[in-house]
Amino acid sequence: MDHAATTPLDIDAFNAMKPFLLNDFGNASQQYSFARTAKAALKAARVTIAKCINAEPEEIYFTSGGTESDNWAIKSTAFAFGNHRAIITSQIEHHAILRSCHAVERMGIPVFYLPVDSSGVVQPDILSEYIDDSTKMVSIMYANNEIGTIQPIKKLCEITHSKGALFHTDAVQAVGHIPIDVKELDIDMLSASAHKFNGPKGIGFLYIKKGTQIAPYADGGAQEFGMRAGTENIASIVAMAVALEKNCNRMKSVSDHLIGLEKLMTSLLKKAELDFIKNGSPKKIPGNISLSFKNAEGEMLLHRLDLMGISVSTGSACDSKNTQISHVLEAVHVSENYAKGTIRISLGYENTEEEIFYIVQSLMKILKR
Ligand code: PLP
């Protein structure tokens, strides 16, 4: 029950990888016929992935995952073409964004971290307040990994463009789970990661709109249109395309299933009269359920549930003296007596109603001592 952390590899994606690990292991950069299968597969995967987000194939740049895509977007934009204009992001970004921003700040580039409202939404008015002609880029995540909140991306992107800045979104939790159309939204850059949508780990992509001024991430060979050098991981790229296409095709039915499971869980928890609040906004990633139980300890809940065979994550971490609340829960101002008892349950298509009954019973056993 921790699909926001990672998802199982889809069997068709796994089967699609195998020939490129065993027989068709040619280097896609080579000219001879043996490398042609790999080259053709690379091209086909780019076309498939582009279609899933309504991009052009040459706008998809393969990377090692969400972290690398985020680092590339922030750092290469910040340092591109030598000027030192500001970056705006939010307080609830993933550490891949936040720590990339800290790195560029150390190099003298100003970064502003926008607050969010109590449901985790970056209000467009706040962006309008902070943005000006000195802003080079705005990076706001599509959906939050801890509480699932989906941002008003189109509006935020419009405001950004009205000041001539670039708009990037970390869509690692969104791609493959909710429909995304980069043309309709007019996004300049978007990060994605395969292992969040039933693809392999260590592979992802950065969408970069044609004509966007961004520096290469890795110098070396001519791979990825000269922007990200290094021999391509063909097997994983092929598997990522299969997984993404499959997830996009079943998105509606999976989403209905997850919304149903979430409703069931919420009603069972209420019936059990457990004192909890549900974090995030009504507009959120289906199945991402952040629950804060009054006067509980998130880490204790995690370990007790683990002993019962249930994997969840927590929004707080204990050391010997204190409980540290995550930056996201702090930003949405969950009161301390609830925040400390936060767990994130993130459901996937293979979770069942029986499992929902089991987790609620398990929570009751732990919390109703
Ligand atoms: N961004 C978000 C919102 C995430 O949830 C994650 C992973 O949890 C990442 C970035 C990092 O992605 P990866 O694990 O592919 O490096």
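Atoms within a ligand are numbered from 1 in the order they appear, just like the ligands themselves.
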Side-chain donor-acceptor contact under 3.5 Å, E146 with S326: yes

Any H195 heavy atom less than 4.0 Å to ligand 1: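 Yes.
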
Heavy atom of K201, distance to ligand 1 below 4.0 Å: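 Per 4.0 Å heavy-atom rule, K201 does not contact ligand 1.
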
What protein heavy atom lies closest to [atom]? Include the residue and the distance to one decimal.
{"atom": "atom 1 (N) of ligand 1", "result": "D170 OD2, 2.6 Å"}
{"atom": "atom 5 (O) of ligand 1", "result": "Q173 NE2, 2.7 Å"}
{"atom": "atom 16 (O) of ligand 1", "result": "T67 OG1, 2.6 Å"}
{"atom": "atom 15 (O) of ligand 1", "result": "S193 OG, 2.6 Å"}
{"atom": "atom 7 (C) of ligand 1", "result": "K196 NZ, 2.9 Å"}
{"atom": "atom 4 (C) of ligand 1", "result": "H94 CD2, 3.3 Å"}

Aromatic plane relationship, H327 with H95 - under 30° parallel, 30 to 60° tilted, over 60° perpendicular: tilted

Polar contact flag for G66 and ligand 1 (N/O pairs, less than 3.5 Å): yes

Qualifying residue, where the test is ring pair (Phe, Tyr, Trp, His ring centres under 6.0 Å) with Y61 and the options are Y207, W72, Y217: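 In the set Y207, W72, Y217, the residue that makes a ring pair (Phe, Tyr, Trp, His ring centres under 6.0 Å) with Y61 is W72.
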
